[in-house]
Amino acid sequence: MKIVSWNVNSLNVRLPHLEQWLGTFAPDIVALQETKLEDTRFPDTALVGAGYRSVFAGQKTYNGVAILSRESASDVQIGIPGFDDEQKRVIAATVAGLRIVNLYVVNGQDVGTDKYAYKLRWLDAAHAWLQNELAQYPDLIVLGDFNIAPEARDTHDPSVWNEHHILTSTAEREALQRLQALGLHDAYRLHSQEEGQFSWWDYRQAGFRRNLGLRIDLTLISDSLRARCTAAGIDREPRTWDRPSDHAPAWVELV
DNA sequence: ATGGTGGGATGCCCA
């Protein structure tokens, strides 16, 4: 079973890419971020044509998340329970016996800003919730755009992406480590220790051509799923297409 | 260079 996270940066613009990629990669479950679509505009009919059901939580212009799946999804949860937030960044559902939590983590703009404080509060709320989710659902997958590069080897230049920089700051990495300490493991690192393997490249400065990227799109899997996870990777191909998302799909394979 | 590129409720905000 192939499970994927992809920040599409506007599903309206990227639907043709998504459809093409679904057709060739044939994932079973897809977590999308930055759909930037109100629910009434979500292309669920087109995706049924591609063989996928959808659950989604969106808004105009910003944010927006969805889970696509071949099998039906149940027990859909939108947002972090008890955390009041107008921004549509979280959707969770049960698919094929797996609890899937799709996160579009706050970017945070710059260390020390209001948005950075919101990011850290948001991650705290996510931590408390995921502790509960794990107790309830041992087979848990938490995936999405984490907007945090876990380690120096997940950045193209650790001297730039350092402990004071947004997406790599100490407080952000500690928040991610607290999630992992719940018993959630970075599936990519179960299978590859390579550096320079990125999932996001800035549109500016020819970032993709020069591989100036970060690995910020992650899949965390619970203890019980570790033995079932046989492979993980990042598919750079859609990033080479015309008018791409700035993110590539990050995938894991479960047996 | 406080820049740059891309998406969208566009002449700004967010990433």
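Reminder, nothing fancy here: chain letters follow the sequence lines and each chain counts from 1.
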**Q** Using atom P in both nucleotides, what's the gap between dT2(B) and dA15(B) to the nearest angstrom?
**A**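 Their P atoms lie roughly 22 Å apart.
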
**Q** Distance check, C1' atoms only: dG11(B) and dG6(B), in whole angstrom units.
**A**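 The answer is 16 Å between these two C1' atoms.
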
**Q** Could you walk me through whether D235(A) and K2(A) pass the salt bridge (Lys or Arg N to Asp or Glu O under 4.0 Å) check?
**A** CA-CA 12 Å; D235(A) 185 2; K2(A) 289 190 279 194; over 6 Å; no

**Q** Is it true that V90(A) and F146(A) fall in one hydrophobic cluster, defined by side-chain heavy atoms closer than 4.5 Å?
**A**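 Yes.
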
**Q** Can you see if the side chain of R204(A) gets near the phosphate of dA15(B) - specifically, an N or O under 4.0 Å from OP1 or OP2?
**A** no

**Q** In whole Å, I'd like the distance from the OH atom of Y104(A) to the C1' atom of dC14(B).
**A** 8 Å

**Q** Starting at the 5' end of DNA chain B and moving along, which residue's nearest nucleotide shows up first, N7(A) or A206(A)?
**A**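 By nearest-heavy-atom nucleotide position, the 5'-most residue is A206(A).
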
**Q** From NZ of K36(A) over to P of dC13(B), roughly how many Å is that when rounded to an integer?
**A**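 Going from K36(A) (NZ) to dC13(B) (P), I get 15 Å.
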
**Q** Which whole number of Å gives the distance between the P atom of dA1(B) and that of dC12(B)?
**A** 26 Å

**Q** Look at all strands and tell whether F208(A) reaches a base, only sugar-phosphate, or nothing, counting heavy atoms closer than 4.0 Å.
**A** nothing

**Q** Mind calculating the distance between CZ (R243(A)) and C1' (dG6(B)) to the nearest angstrom?
**A**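 Going from R243(A) (CZ) to dG6(B) (C1'), I get 9 Å.
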
**Q** Do W200(A) and V160(A) share a hydrophobic cluster (ILVMFWY, side-chain heavy atoms under 4.5 Å, transitive)?
**A**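 Yes; tracing contacts between hydrophobic side chains, which count when under 4.5 Å, links both residues.
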
**Q** Taking atom C1' in both dT10(B) and dT5(B), what distance in whole Å separates the two?
**A**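 The same atom, C1', in both gives a distance of 15 Å.
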
**Q** Return whichever of D246(A) or V13(A) has its heavy-atom-nearest nucleotide of DNA chain B closer to the 5' end.
**A**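 Result: V13(A).
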
**Q** What is the nucleic acid contact for R89(A), judged by heavy atoms within less than 4.0 Å: base, sugar-phosphate only, or nothing?
**A**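 Here R89(A) touches the backbone only, sparing every base.
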
**Q** Think K115(A) has a side-chain N or O under 4.0 angstrom from the OP1 or OP2 of dC14(B)?
**A**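 Affirmative; the distance criterion is met.
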
**Q** Nearest-Å distance, CG (D110(A)) to P (dA15(B))?
**A**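 Nearest whole value for this atom pair: 11 Å.
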
**Q** Whole angstroms only, please: what is the CD-C1' distance between Q205(A) and dA1(B)?
**A** 10 Å

**Q** Starting from C1' on dG7(B), measure out to CG on N107(A) and report it in whole angstrom.
**A** 15 Å

**Q** Within this structure, what is the CH2-to-C1' distance between W200(A) and dG6(B), rounded to whole angstrom?
**A**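 Distance, rounded to whole Å: 12 Å.
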
**Q** Indicate the ring-plane relationship of W21(A) and F25(A), choosing parallel, tilted or perpendicular according to the 30° and 60° boundaries.
**A** parallel

**Q** The side chain of Y62(A) lies closest to which of these nucleotides: dC13(B), dA15(B), dG6(B)?
**A**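 Minimum distance to the Y62(A) side chain belongs to dC13(B).
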
**Q** Assess whether a salt bridge exists between D124(A) and R121(A), defined as any Lys/Arg side-chain N lying under 4.0 Å from an Asp/Glu carboxylate O.
**A**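 A salt bridge is absent here (no side-chain N lies under 4.0 Å from a carboxylate O).
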
**Q** Whole angstroms only, please: what is the CD-C1' distance between Q59(A) and dC13(B)?
**A**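 It works out to 13 Å between those atoms.
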
